[in-house]
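Naming convention: chains lettered A, B, ... in sequence-line order (proteins, then strands); numbering from 1 in each chain.
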2 protein chains.
Amino acid sequence: MVHPDEIYRRLERFPRLCREAGLKVTPQRSAVYAMLAATDSHPTPEAIHQAVRRELPNLSLATVYKVLDQFLDHGLVLKVSKPEQAARYDARVDGHHHLVCESCGRIGDIVIEPLNDALSQIPVAEGFQVRRVEVVLQGLCSECAAEAQARQA
Amino acid sequence: MVHPDEIYRRLERFPRLCREAGLKVTPQRSAVYAMLAATDSHPTPEAIHQAVRRELPNLSLATVYKVLDQFLDHGLVLKVSKPEQAARYDARVDGHHHLVCESCGRIGDIVIEPLNDALSQIPVAEGFQVRRVEVVLQGLCSECAAEAQARQA
DNA sequence: TTAGATGCAAATCTTTTGCAGTGCG
DNA sequence: CGCACTGCAAAAGATTTGCATCTAA
């Protein structure tokens, strides 16, 4: 769960980030961002839509997609790659990585310092300009691993 | 482009890999694997289908999807995460990473030793069992970077 | 005032599924 | 010969688009 102070910091900088990105601060954008800022569950556009709808009943799923795309373009959110179907988003944008459970689909955060160190000194290969790096660890979360073990025994 | 010797090695071990995986060696599977083994272009299921169809005109796209899924399950291929739409596959399964061009969508391979070193000593976080690690470097390939620069000047 | 945003519905694209028929081992 | 595999067509999801209508700056 996200620390209240961190949520506060995210919400506080939101208007500035929008201005810098040339995006208008609309109720829809604020609500989508606020929802994302308060969770570390890496929700899908669909889940975000469901949640935000409680406040803005007219919010359309298409708008959620558009807003998320814009946020992504301007670095306000991250999009987590998906060995599965629906995209996942994250308001945390500092150097961290993702644990994706192949069984239940849950996505967790992890910070691996040596990995960050290695990533920061990546040689620029053959003129390729690296803009973002994504590291996804796929496997089984502790619950699913325990379950698999139990089933086997 | 893939070295002929490497293509040969891949094709040679294919029947054994199938047997070990409990998969029958069908013409469809052989053709799909052969196509993938001979390229490093990380083709989509659609592209694979188009290519293999020249030999097996009746091959259905659904079968391509099924076959790729099975190959993936048994480690014969990798699936590259997609900040875009369609999935991409790769018959190269040793420790390497991917460069994804945000402009043209091309996917290249890269080996970064220090990164492999860091990955090999990942602490098993909170009981999470890591089975695969995927590293994707997003940015601009040399051509697109040059183009962007030219457009700006 | 007006460029940019939203909502809706339809379109598009990717992937999955059910099932009858086929073929590998 | 039996069970796994394939092809087809239809379904299911996810995401995008066109356009008329609003609204933040």
Could you give the distance from CD1 (A:I48) to OH (A:Y65), rounded to the nearest 0.5 Å?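 Output value for this atom pair is 9.5 Å.
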
Output the distance between atom CG (A:L17) and atom OH (A:Y33), rounded to the nearest 0.5 Å.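 So the CG of A:L17 and the OH of A:Y33 are separated by 6.0 Å.
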
Give the intermediate values and the outcome of side chain to side chain donor-acceptor pair (under 3.5 Å) for residues B:H98 and B:D109. CA-CA 5 Å; B:H98 292 118; B:D109 290 331; 3.3 Å; yes

Check this for me: does the side-chain of A:K66 come within 3.5 Å of the base of C:dG4 through a donor and an acceptor?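 By the distance-only test, no, there is no pair.
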
So does [X] get a side-chain nitrogen or oxygen closer than 4.0 Å to the phosphate oxygens (OP1/OP2) of [N]?
X     : N     : result
A:Q28 : C:dG7 : yes
B:T26 : D:dT6 : yes
A:S60 : C:dT6 : no

Ionic contact status for B:R9 with B:E12, cut-off 4.0 Å: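 Salt bridge absent between B:E12 and B:R9.
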
Please report, rounded to the nearest Å, how far the [atom2] atom of [N] is from the [atom1] atom of [X].
X     : N      : atom1 : atom2 : answer
B:D69 : C:dT16 : CG    : C1'   : 9 Å
B:Y65 : D:dA9  : OH    : C1'   : 16 Å
B:R53 : D:dC8  : CZ    : C1'   : 11 Å
B:R19 : C:dC24 : CZ    : P     : 16 Å

Nearest heavy atom decides the nucleotide; on that basis, is A:A62 or A:V25 closer to the 5' end of DNA chain D?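 That would be A:A62.
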
